[in-house]
Amino acid sequence: MNLIEKLLSLAAMLFAIALVALLVLLPELRRTETLLPLAGVGLLVNVGLMVIVLRDIFLRPFPQPTDKYLWLALVLFCWPAILVYLFRHGFRRRG
């Protein structure tokens, strides 16, 4: 990943954490007129994060070919796997 992709990934993760925290701490944000725009922004941010992570999975050489498919399945079916992938592989240089 290049620097811009890393920064966007970190921003997306921070946005997700901040959104959940704000929705828990501030009940007035749970109203429909506020929640819909926040959810829309969250959707766009997470789609961008998925594009960045999937692109990195496809471009990164893994020691075993099955590792690529394993990470692909984990990222697509379980969102928290993105966090694990980013810290284990995504923030390192593609070799």
Side-chain angles (χ1 to χ4, degrees):
M1 292 181 127
N2 61 28
L3 182 63
I4 294 173
E5 291 172 335
K6 289 177 186 177
L7 291 175
L8 288 174
S9 298
L10 285 174
M13 288 187 296
L14 290 175
F15 179 81
I17 292 167
L19 181 62
V20 170
L22 286 174
L23 289 174
V24 168
L25 297 174
L26 301 172
E28 61 269 10
L29 292 180
R30 296 181 212 153
R31 297 176 52 202
T32 307
E33 57 271 358
T34 317
L35 188 59
L36 284 177
L38 284 174
V41 171
L43 177 71
L44 291 175
V45 167
N46 280 308
V47 167
L49 177 64
M50 287 293 291
V51 168
I52 290 170
V53 170
L54 291 176
R55 180 179 175 273
D56 188 68
I57 289 173
F58 284 118
L59 294 178
R60 182 173 301 278
F62 287 96
Q64 297 180 3
T66 55
D67 289 349
K68 183 177 287 197
Y69 300 115
L70 176 67
W71 278 113
L72 182 65
L74 282 172
V75 164
L76 288 175
F77 294 118
C78 182
W79 187 87
I82 290 176
L83 302 174
V84 176
Y85 175 79
L86 285 175
F87 289 113
R88 283 194 70 181
H89 300 289
F91 292 145
R92 296 188 180 150
R93 295 177 56 93
R94 286 185 216 125

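Basis for what follows: all heavy atoms, side chains included, without hydrogens, waters or symmetry-related copies. On a predicted model such as this, the values are computed, not experimentally measured, just so you know.
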Query raised in the report: Are side-chain heavy atoms of Ile52 and Met1 found at a separation under 4.5 Å?
Result: yes
Requested in this report: Please examine the side chains of Phe58 and Leu72, heavy atoms only from C-beta on, and report whether any two atoms are closer than 4.5 Å.
Outcome: yes
Report task. Could you give me the CA-CA distance, side-chain angles and deciding distance for Phe15 and Leu44, then say whether side-chain contact (heavy atoms from CB on, under 4.5 Å) is met? Result -> CA-CA 11 Å; Phe15 179 81; Leu44 291 175; over 6 Å; no
Requested in this report: Return yes when atom CZ of Phe62 has more than 12 non-hydrogen atoms of other residues, nucleotides or ligands closer than 6.0 Å, and no otherwise.
Outcome: yes
Requested in this report: Please indicate whether Leu36 has more than 12 foreign heavy atoms, meaning atoms of other residues, nucleotides or ligands, lying under 6.0 Å from its CG.
Outcome: yes
Same cluster or not: are [X] and [Y] linked, directly or through other Ile, Leu, Val, Met, Phe, Trp or Tyr residues, by side-chain heavy atoms under 4.5 angstrom apart?
X	Y	result
Leu43	Leu49	no
Ile57	Leu83	yes
Val53	Leu76	yes
Leu14	Leu23	no

Query raised in the report: Which residue pairs pass the side chain to side chain donor-acceptor pair (under 3.5 Å) test with at least one member in residues 5-16, sequence neighbours excluded?
Result: Glu5-Arg55
Query raised in the report: For Leu74, which residues count as a side-chain contact (heavy atoms from CB on, under 4.5 Å) partner, sequence neighbours excluded?
Result: Leu70, Trp71, Ala81
**Report entry** Phe87: partners by side-chain contact (heavy atoms from CB on, under 4.5 Å), with sequence neighbours left out
**Finding:** Met13, Phe91
[X] versus [Y], closest heavy-atom pair with distance:
X	Y	result
Pro37	Thr32	CD-O, 4.3 Å
Arg31	Glu33	NH2-OE2, 2.6 Å
Pro63	Asp67	CD-OD2, 4.0 Å
Arg60	Arg93	NH1-O, 3.3 Å

Query raised in the report: Which value, rounded to the nearest 0.5 Å, describes the distance between Asn46 atom CG and Trp79 atom CH2?
Result: 6.0 Å
**Report entry** Ile82 side, atom CD1; Leu54 side, atom CG - distance, nearest 0.5 Å
**Finding:** 7.5 Å
Report task. Determine the sole option in Leu22, Val24, Leu35 for which the side chain to side chain contact (heavy atoms under 4.5 Å, CB included) test with Leu29 is passed. Result -> Leu22
Requested in this report: Determine, step by step, whether Met50 and Val75 satisfy the side-chain contact (heavy atoms from CB on, under 4.5 Å) criterion, reporting the C-alpha distance in whole Å, the side-chain angles of both residues, the deciding distance to 0.1 Å, and the verdict.
Outcome: CA-CA 8 Å; Met50 287 293 291; Val75 164; 4.0 Å; yes
Query raised in the report: Do any N or O atoms from the side chain of Lys68 and from the backbone of Pro61 form a donor-acceptor pair under 3.5 angstrom?
Result: no
Query raised in the report: Side chain of Arg94, backbone of Leu59: donor and acceptor closer than 3.5 Å?
Result: no
Report task. For Leu10 and Leu86, run side-chain contact (heavy atoms from CB on, under 4.5 Å): C-alpha distance rounded to whole Å, both residues' side-chain angles, the deciding distance at 0.1 Å, then the answer. Result -> CA-CA 9 Å; Leu10 285 174; Leu86 285 175; over 6 Å; no
